[in-house]
Structure formats: C-alpha cells, structure tokens
Amino acid sequence: MTPQSATSRTPLPRRSVLRSLGTGIGAVAIGLPFFEEMLGAKVASAAPNLAAKPTAEGGVPARAFNVFFGLGIPAPVQAEATKNGRLEGVLEPLAPLADKLAVLKNVDQVRCDDRGINAHFDGASGAFTAEPPDGDAKSGGPSIDQLIRNAAHPGGRTPDGVIPTLVAGTYFRRSRISRYVHSYRENGTVAAPMQESPGELFARVFGAQAGSDGSGVPMDPRRRRLTRSVLDAVQQQTKFLAGPRGPLGAASRERLADHLDRVREYERRTLAFEDEKAAKLAAGPAPPPESKLRHGADADPGGEGIDITLADLTGEWRLVADLYSHAILTDRVRFGSLTYLAAGERIRLTGDYEYDGRKIFTFDDKKQHGKSGSGGCSHEWWHKFREDKPNEALKAHAHLKMREVAYFLSQLAGEEAVEANGKTVLENALVTISTESGDGRHNDVKRELSGVFHAITGAGGRFRTGGVLDVGAEGIDVYNTLLAGMGVDRRLGPQNRQGRSIDALRT
Amino acid sequence: MFHASRTAFAAALILCGCAIASAGDSAVHSGAERRFLTEVAPVLAKRCLECHGPTSRQGGFDLSHRDRLAVGGTSGVAVVAGKANDSPLWQYVESDAMPPDGPPLSKAEKQILKRWIDAGAAWPEDEPWAVLHEADAAALGAGWVRRLTTPEYVASVKAALGVDLAADAARLLPRDLRADGFHNTAYNLSVDLAHVEAYAELARLAVQRADLPTVLKKQAPGKRLEDRIAALGTTVLRGPLSEEETKAFGTVADAVAEAGGDETEALGYVLEAMLQSPRFLYRLETQRGDGGTRPVEGYELAARLSYSLWGAPPDAELRAAAQQGELNGSPAGRTAVAEQVARMLDDPRARERSARFAHEWLNLDRLDALSPAKELFPDWNPALAADMRRETLAFFNHIAWPQSDGNDGGAGAPPLTELLTAGVAFLTPRLAEHYGLEWKGFENAVLIPSPEPAGVVALYDFSGEGDTVRDVAGPLSANPGEPLDLVISSDSKARRVAGGLKIDGPSQIASPQPAKQLTDALKATGEITIEAWVTPANARQDGPARIATLSGGSSVRNATLAQNGKKYDARLRTTVNTDRNGMPSTNTDDAVRDDRPTHLVFTRTKAGLARLWVDGSMEGNRNTEGSFDNWDDGFRFALAGEIGDARPWLGTLHRVVLYDRALTEPEVAERAASPWRVDLSDEPSRAGLLTQGSTLTVGGDEASTVTRGLFILRDLLLGDVNDPPPGVDTTPIPAEPGLSARAIAEKRLADASCGGCHVQFEPFSFAFERYDGLGSYREKDHHGNALRSEGTMRLPGAGGETRFESTNEFLALIASSEAVRRGLTRKLTQFALGRPLTAADEPAVQAIHDAGWADDAPYGRGSYRSLMSALATSDLMTTAPTEPAPPQPASDRSTR
C-alpha cells in the first residue's frame, strides 16, 4: 500500500474552522493552524489484515476509540428503550445513527469487581479492559484500542504525524485515575495522559508551540540548527537506553521508548516542516478560548461536586468532541479514548434540556434532591433508581448523555468523513462505547456490573450494526470477539480461560 | 466475596484444633518463612482474610496472625502442621467448599497452601499484617524506571545550575497525579509531549538564567572540551558519562563551534542537552542481571540516598564518596554509608523532603479544592484551607524535627506516633476561631513566621533580654549596615513575654539616634512596608496610638502605623498633597481585635498606591502622589508610642518588620497565614493530626463516618475492607432531627449484612463525631442532635474490642498500637522507594521496622530520623532486583 493509496480522504482545507453546534449552546469557533498532517499524505499503512478492505481508491487505516460516559444506564432502562427493537426513550439520540451502531444488551462485567468501595471504580476500570483494576492508576490489562494499535502497528508505533494514543474528556471528578482514563497499555499503565480541557487537547493535537522555542519568538535559523543538534544528542542517548543493549528492564525500556517517541514528535513539530509552516503560522493559530469551567483538582472539591449549567457543560464537551473528531478526520489520531463525565459525576446540573424541538426536562439537581454538596449531585439519581418508579431525572440525564455521545459520533459520520471506500470514518473505525455500571444502587455488585451498556460500530463491515443485540455474555468475551474480528491475535483475560465467541456480533 | 455461605468453613474450623510449627526465635527469616511471606500470605490475604481476619473472625477463626491461627476456631485447629490432608483448611479449599462465594482458588494457589502445610506451616514470629493487606500490589512493584517528580526536577536543576525553576515548572509541566497514595509512584510517572516540550523550554530557561561562567568554572573544570563535558556530565547526570555519551554531547558543542559560537556557548547548549537527557530526567539504574538481586553501590547508591532523604541529587560530598568507591557493601562501605546518611539527615533538604512526605501521605493537595456548601458553611473562608495545610506541615515538622523548633527538650526526637497525640498545634488566629478555640488561653503562643521575602531593612522579633530591642535583620537585610536597635527606656511599662514584647503602659522604645540609614533606604526606593503582628490591649486607645513610627514628634513624621480606636491608621508624608504630619492618612473600617493577634501591614508602592492589610485582607487604600524626597533623615524610629513619649500604644508586639519595597498581595497573604505554635495540652478537644482540619475534612461536608473511618483504617493503620456485600442499600442516609450520623452508623453496625465489615473501621470515626465536616468543634449537630466522642473499636492485628471514653483516649490507644507503627514504617518506605510495597519486600521492611522502632534506635525510638536512617541503610536501598535478558531481544522501537 503506497502512502497515496493509504490516504483515504480528500485533505481538509489548510485552515479549517471548527464550530460547535450552532444552537446557541456555548457555540465557539476555533481557527485551526495548518499542519503537515492536514496534507493527508502522511498516512502510513496499517497491518493489512486490520485495515478496512482496500478499494480501487485506496484503503483506510485501522482505528479504534473507546467512548465512555459516566454512571451508565440501568439495565431495566436499557430494556425499556430497546423493547421495540428500535432505539427509543433514553437511547433516542442514537437513533439517527442506528444503522451504524450495534447496541449490546446484557453485557456482564462482574469479573471486574475488585476490592474497593463500589462498582463505580471497578466498572469504570473494567470498561474496555474487562478486567479488575490493579492499582489506583493501573488497569488489570490492556484496553481494546491499544491491542488493536499494537497489532496494526508493530510495537504500537503509529506513523509519523499520528499521535499514538489520544485520551481526552470532559468530567468533573478526579478520584482514581482509571475512573476517567480509558486507554491502557499491555502493562496496565495509562496509554497517554488525559487532556482534560479544550486548550490542553488543542495543544496536544495541533501543537501550540510549533515554530517557536517556547519563548513565543520564532526560532532564528541558527538557534533552530543548534536545537536540532541538542535533540539529536538527546535522541541518541534515549535510543540506547530504550534499546536491547541498554541497562534497563522491560517496563523501563518501554517507558524510555515512549519518551523517545515524544522527543521525535516534539522535534517534528518544532523543527520539521518549518519552511512550509513559517508563513502560515505568522497569521497565528487561534487556540480555543480559555475554558471557564473548573479543571484539575479544582473540579473535584473533596468529592462535594460543582454547580454547572447545561450550556456550560454542553459547550465544553462539544468543543472537546469537535477537536477530537477533527483530530481523527485529519488523521492525527487513530487510537484512544474520549470520556464524557466520569467517576461518579459529581455535578449539580441546572438548565432546560430540549431535544428535537421539545423540552425533555428541567435540570436542577440540587433543588430536586433538596440537598447541597455531594447529596445534591446528579449521581444521586442513580443511587435512587427504582425499577417501579418513573426515574424521570435519571432518564433525562441518560438521554442527555446519549445526545452528547451521538454528537461526537455524528462528527465522524458526515460528508467530510467519507473515506476512499465510500464509507464514513464512523463506519470504518471500531468505536466502542461503554460506561461505569448497569445499575446505580450499590446494593448488589452482580446487578450493578451486569447489563452494562455497550454499543459498537461496524469497523469496516466486520461487525453487525443496525440493531439491538442481546448478547448475554461477559464483557471479556465481547471484547475478545471484537479483537478477533479486527484480526488481533491477543486476547484479554487469563490466558487459559475458555473464551466464548459472540458470533451474533460478527457479520 | 464470601459472605452468604461462609458458615461451612466456619463450622469446619470450629471442629478442629490447630498445631502450628514454631517459626523459632530468630529475627532472620528462614527460607520457609520467606516463602510464607512471599507466597502463602498473599493467598491468605486475597482469598481468606475477608471472612477470617482479625475483626471479621468468622467462626471465631482469625488467619491474620500465627498465634491466632494456632488457637484455631471456636472448635479447634484448622491446620495440622506437616499434614495437609488432615487439615480442615486444606480439605475445604481443595474441595472448593471454601471460599463459599466467588471463584475457587486456582490450582497454583491451592498448591501453595498445600506445600506450606505439608512443610510444617511455618509462620514468622513477627506479624505479616501488612503483607496480608497489600498482597495485590505485587504487579506494582519494582522494575519501573522513575521519572523525577516536579519537585525533584526543580531541586535537580537548582543543584546543577543554581537556578530556581519552581514557578516555571509549575506553569509548564503537567501535574504528577497521585496513585496508590503518593505522587511519586513510578509506574504512573509517564511522559507525554507536554513533558518533552516543557523540559526543552525549562532547559533553555535554566541555561539562560544561570551564571554560566561561574557554573562552568565549578562544574566543568579542565582544558580540553571533552574533559569539561565529562566533568559536567558527572555532576549534572549524577555519574560518569560513557565514551559514547561524551561524544554525543560533543557533537552539540561541535555544532555550536561550527555556528561561530565560543566554548561557553557550546557548553551552554551541552547543558541544555543534558537537562533533557533521560539520565537527568529519570533515575536510571542497571536493571539487567541474572534475575537475582544485586548490590547497589557508588553513584547509583548515592542517587538513591539523596533522592530518598532529600528529594534532590547527590551533593559534592556524596559524589566524591561515590567516585572514591566508598559507598559499597563492605563493612567499611556500610560505615561510610551510615555516616553519609547521618550527615544528610542534618541537612535542611531532609526536612523539606519529610514535608513532601507528609503532604503526599495526607493528600494535602485536596485542601486546595475544598469547596464546602455555602448553605452548610456560610462563614467558610478559603484561606482557612491553606491554614489547615500549614498547620499540618508545621506540626509534622515539630514532631519529625524537634530540634528545628526546640521540641526535643534534650530528650531526643519523639516517636512518630506522637503525630496522633501531641498537645501542640500550629494555628492562625482565624483557624483557631474556626475550630472554636479561644485565643485568650494561648498566652505562650509563639509565631512561626514564613521566611521574610526580599527587601527587609529592619526586623524585630523581641527575642533576647535587657533593655535593647535588637534589629535582627542581619543577613536578610537589604540595607546592610548598622542594625537599627531600639532602647527601652527605664520608665517603660514593657516586658518580654513568650510571644513578644508586652506593653502594659506608656513606654519609650526608640532608636537612640536618627534612623538615617532606614530613611535613606526608603527614600531611595520610594516604597515602604511596615509589617507588624500585634495584639492590642483594647479597641479604645487612640491618638492615634502609635504602633510603629518614623517621626520627629506627635505632629511631624515620615511614616507611622497606628491604632485609632477600632480602626487602623497609617500616615505617610510625600512630596505631594500631604502635610508634615502625613495627613490625610490611610485607614480601615472597624478592624481592631483585642482578643487575638492581628497581622497588620501598611504598603506603599512607588506609583503611589498605599494600602492597609489586616490578616491578609486589604482593608484600606489611598492614592498617595509624590515621592519621599521631603523625608527628614533626622527622625528616629520608635515602637509603641510617638517620639517624645506621646500617643502610647498598649498591647503585645509579636514581630515587626520593615521593608524597602511594597509587599505584593500574595506575599502579604502568605505572611498573614504564618501559624503560631500553641500549647494545647490542657485542651481536651485537640491533639494531633486527626483533630486537624486537614484530616477532619476527608469526610466531606457531612463528616461521613464511613469515609473518616476508612481514612484511618487505610492511611494510618494500613488495613483494608472489601466491597459492601450484596443485599444492602449503601445510599448515604442523612442525619435529621432526632437521628444523628452516629445513630445511623450504629444502626449500620447492628445490621448483620453491614456490621461485619463496618465494625472494622467505622467506629474509629466515633471519636471525631464532635468535629463537623470542616473540623469545627461542636457538641450538637445542626439538627440539634447531641454528639458523642466515646465508643468501642477493633484495631487491626489486635484481638477483641477496645473501649474509649473520649477523643484523646482513642488517640492514645491507637498511637500505642503496633498497627500504627507498622503503618508509619510502610508509608515512609513506600514513599522512599516510589512504588507500592510487595510481599517480596516484607523481610526488608520488617528489618527497617525493627531497627527504627528499637528501644535503642540511634535517634530515638520510632523517630523520623531513626526510621529514615534504618531505611537508608536497608536492603531495599542497597540492593536491587534484576531482570534476566529476554531470550530474544524485545522489539526495539528505537531502531525503527
């Protein structure tokens, strides 16, 4: 496969403009700088068996993304929303994409239960790994996106210009790291640090510092030459340390190899393509406006939650979703995860929620719970879930989550996402969608981790889409079936485990 | 989880007695004992202990201790040493009857238990409690190269180049995230593009700001460029360079030469490369070997010691010892290491490192984001969170480094268990008020000021004796010269007290000569700060009553800070729009408190902005035009009254500082938050860490008894519990009138499905029921429910229940427990190693524990120094596991 034939799309214009939904909900426009990746010709081939089928126009690379949303949809609510074989109720926002998705019912993640407080942590850690956690910031095994990455690209090394793994999200509680990061390496460590604000995400993807040495002043040619010499020396040393002749053990070599990749990436961004970019950068890339929402530790005031409006939450999320999807469409990223709310979702949401021209609900968690602090947060609706009650607020929150997940997915399904094989990126990629728990009541771990919502895309026709599948299987079997379908040899879980292929998933 | 049908195992245990082989008296573990620690204990912990632990004791059987295993269940032994097939424990495990719920033991786990019993069921005499509770951590152990944390990086750059990049690093580097209790957990210290970008920029800044000629003269001696690079590398990269490395850095120098640069510039670029080198950014050690353990010596050991004890790279002395081969495992080498450790523990960096430990152990970053509900806590002041953090750090320093603030009393350092009981606190007046403590009882309170920022021209701390108030600015002084000492006149009503100088009546405390040097310094900058910690005698004195004045009498002055009834007042003479008396003045609204000390600051910038700050808050301001050019350099400086004995001020002066510049708002806030050391030995409601806001806030706004109890269990006692069992609704139940949180908790404990686990931790929180979610003391909650402080608890590792009647009694009980001692040893060890401990570490951890808590420990039993000394000379520091070379070279990504 030549680089040209691997290019699957018409390159995007030099300066694209992202615009979050023009509905008045926090609409923000971002001018994107030009980057070499936007030329679209840097795409190196993936392992052939993992790429979508080649066509006369070319092929498409292997891609895998984990999309995570906080808390989840109780299994009975899922059942109610799929009882007619269509996506209704809380799943209504996914209906326009139904032909590109398979919604999986009865996925059991009980094996992810581990010693801890409750299934928030276990379920979140097990999403996309199907194994219990192994430390605050360490999963019990790799996530499926990373196994696909490793299979598609020897050693996990993606082509130059493609970020190996992109992890981003909008969420407002920190707690343990594996509650909100959803890409993990073979050794269980995070595959990439979380980019948790639009500014961070923009900088990670599009590199705010390109063309300068960080001082804000473009480097003069002499300084650039000498900086290249410095980086060459650093790379040479790192290369030795990361290599088999170096003094380090396996885990350390892998870390140093990562470091080397980042140095190379930094060099490319800072020094390479300088001539091409210099003039264009003079216009100045326009990063997204500084987020007015809380991030980092401020977003998690002792677990007591924060007040947030629907407009602010939606505006921020859509900016992140726009940036992330744009990174995919410009082939800046092929693997990673995106998180929309997580770790118990400690927010007190306010605002009128409308969908498709009709009012769904007025959020006012604090007032509706009649409590302040953590007791007034939206996650309490999950604790209060009762099958024989209307659960109106919970369903409205779940509906909102599905609307926002659908927003992201739809960015990969539009006209500009059509690839050389005539299908959209959403259809060609494997997008797995999951969440923390299948229930909200911490009174039965089995119930809480059973029936965890899952949905997948077709991955270039490998998996059935267009319906609701009652898989009735362990998450680990579902994930391993996906890996098999993607042509990945590696399997999750104990190596001597007798797995079960979920044939209903396969085309 | 083993809850539903565990009665079968319990019944089996009841039927049996137990005969366990003695482990002998030797402190050195036999091979069988080591196997127990590394193989058997993890299986017991993972699969058995939930139901048969020291507090759960299903069937009366406790598997957490050798002696209790020997006792067996209520009907006899479960293990017959040497005969697995006759041992009910094995029979039930082998048949998968145990555990009754959840997956059966794997074949490997079963074989471990069978081999153990058949071999005599050896169990070390010392209790492997910690192993039993951290067995799952094996995968988190050694093998991960350690990237420097941000504080370590900053310290390393400072040591190499003398440049402080703390602020830049905080701005540019991604934050290190906390995992498994600390921010330095190696497996979690990954690297992203943002790190590499930041390292490049920080290297550029460091070289740009360094005094390069001086640095190179010291760090890179020699005539040949290669020699200079090699010398530089040995210092900056913490060990000699290989020939290849020297060549690689040489190419950087060559490139500079080619570009027309000189040798200094060339070495500057070499330094940039070194600061981005993995050898600088990571703590690299040889990890390859035969799969066994190897000794750590020389430069590697030097780096281990320095980063463990200082959080900083080796200094010249340590490097020299490494270079001379003194740091090794020989008897002489051990002596040399011990001497280095003793020296290093005397260094201020050791104190800084211990503060970092306390900060991370207790997760004090959490306080930055504290945001309590306004409805519940309308009076919350965010500055209190910073006060709480300072309180805990100062308190930790007081216990860990008694000599630093006179706490040793000549009796050596106290054990760290005094962290739980010491009747001393470090409070700001506002924090004391928040806690509900009356300051009037703290007559002997001593101010512990944060370090003075730049610009000091005179400083009075009122130490010493006699009639002279010494200006102790000394080396701090921005205006070196004669100190501006003041003389207390013989008819003054002033006396020295523990916290300063108490003025009971009109007094003359003034410089005997004109304060010309001071006046000139202030005239030169056109700026001034007068800072004073004061406790006014009353809120009536006026005149205004002069607190500090640079003047010529009651109606002519350069500058004066004063009290006018309930307000504070500052007069400043300038060349424009003020009279000789400095009028109009800058003043506050009612701000005078006579019931506690106040931090009072007057600042004036060159641009003319004059401001009065009270306890860090700006309470008055005025735009003052002009300069100080019209100041009279014949005026004297006086405290507590005007020159000429008029306008007396009564009260206590605790500390007075003059600066030749205007302190900034953050500087004023920082200074205002300086704590006071307060004796609480007669205060029943406060003693030690667990009665400080920094730990009391872990329970959230509602002071969750569950969260507080779990914090004590997990972070102090290193115990653990499992998930809530099925069938129980764990949705928090709020307190309400007639139903306190304690009453709710007691119902939970009485519930068969909850109590089994909750009894292991929730009663710990009962001792703190009278502290609300933000640490204030009350005897009724906001629903009017009466609150209690007595209870009954079960300590991990101890059999049975223990009653406590008060908070202090509870604190004394746990402070005397082995569980707390072990918890402290293990936390310190984990932080020093930068990784969670594993079962394989246990023998070495035990040795550290034994040495650190020995009655004859060199720096006091259980003291910070003793424990760190034991740790620094332990096997965990002086040996390292190795990995055998893989059968085939691993995929070498670097060669692509």
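To find a chain, count down the sequence lines: A is the first, B the second, and so on, and within it residues start at 1.
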Worksheet item: So, A:E131 versus A:S139: side-chain donor-acceptor pair below 3.5 Å or not?
Response: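 Result is no, nothing qualifies.
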
Worksheet item: Is it the case that A:R223 and B:Y269 place a side-chain donor and acceptor less than 3.5 Å from each other?
Response: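 Looking only at side-chain atoms, B:Y269 and A:R223 do form a donor-acceptor pair, the distance falling under 3.5 Å.
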
Discussion item. Is B:L281 close to chain A through its backbone or its side chain, or both, or neither, when contacts mean heavy atoms under 4.5 Å?
Written reply: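 Side chain only.
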
Practice prompt. Name the region of B:E285, side chain, backbone, both or neither, that has any atom closer than 4.5 Å to a heavy atom of chain A.
Written response: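 It is the backbone, since no side chain atom gets that close.
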
Discussion item. Just so I understand: if I count every heavy-atom pair under 4.5 Å between each of A:R222, A:Q195, A:Q236, A:E200 and chain B, which residue has the most?
Written reply: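 Highest number of pairs under 4.5 Å: A:R222.
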
Worksheet item: Which of the residues A:D307, A:L256, A:V190, A:I306 is involved in the greatest number of heavy-atom pairs with chain B at under 4.5 angstrom?
Response: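 Maximum pair count with chain B is reached by A:L256.
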
Practice prompt. For B:R146 and B:A186, work out which heavy atoms get closest and say how close.
Written response: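 Shortest heavy-atom separation between B:R146 and B:A186 comes out as CG-CB, 3.5 Å.
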
Discussion item. Applying ring-ring contact (aromatic ring centres under 6.0 Å, His included), can you list everything that pairs with A:H295, at least two apart in sequence or on another chain?
Written reply: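 ring-ring contact (aromatic ring centres under 6.0 Å, His included) list for A:H295, sorted by chain: empty.
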
Fill in: Candidates A:R268, A:R264, A:R269 - the one meeting salt bridge (charged side-chain N to carboxylate O under 4.0 Å, His left out) with A:D160
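With A:D160 as partner, A:R268, A:R264, A:R269 yield a single salt bridge (charged side-chain N to carboxylate O under 4.0 Å, His left out), made by A:R268.
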
Is it the backbone or the side chain of [X] that comes under 4.5 Å from a heavy atom of chain B, or both, or neither?
X: A:E265; result: both
X: A:A299; result: neither
X: A:L231; result: side chain

Discussion item. Checking A:N187 now: which residues fulfil side chain to side chain contact (heavy atoms under 4.5 Å, CB included) with it, not counting sequence neighbours?
Written reply: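 Result, side chain to side chain contact (heavy atoms under 4.5 Å, CB included) vs A:N187: A:R185, A:T189, A:E254, B:W144.
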
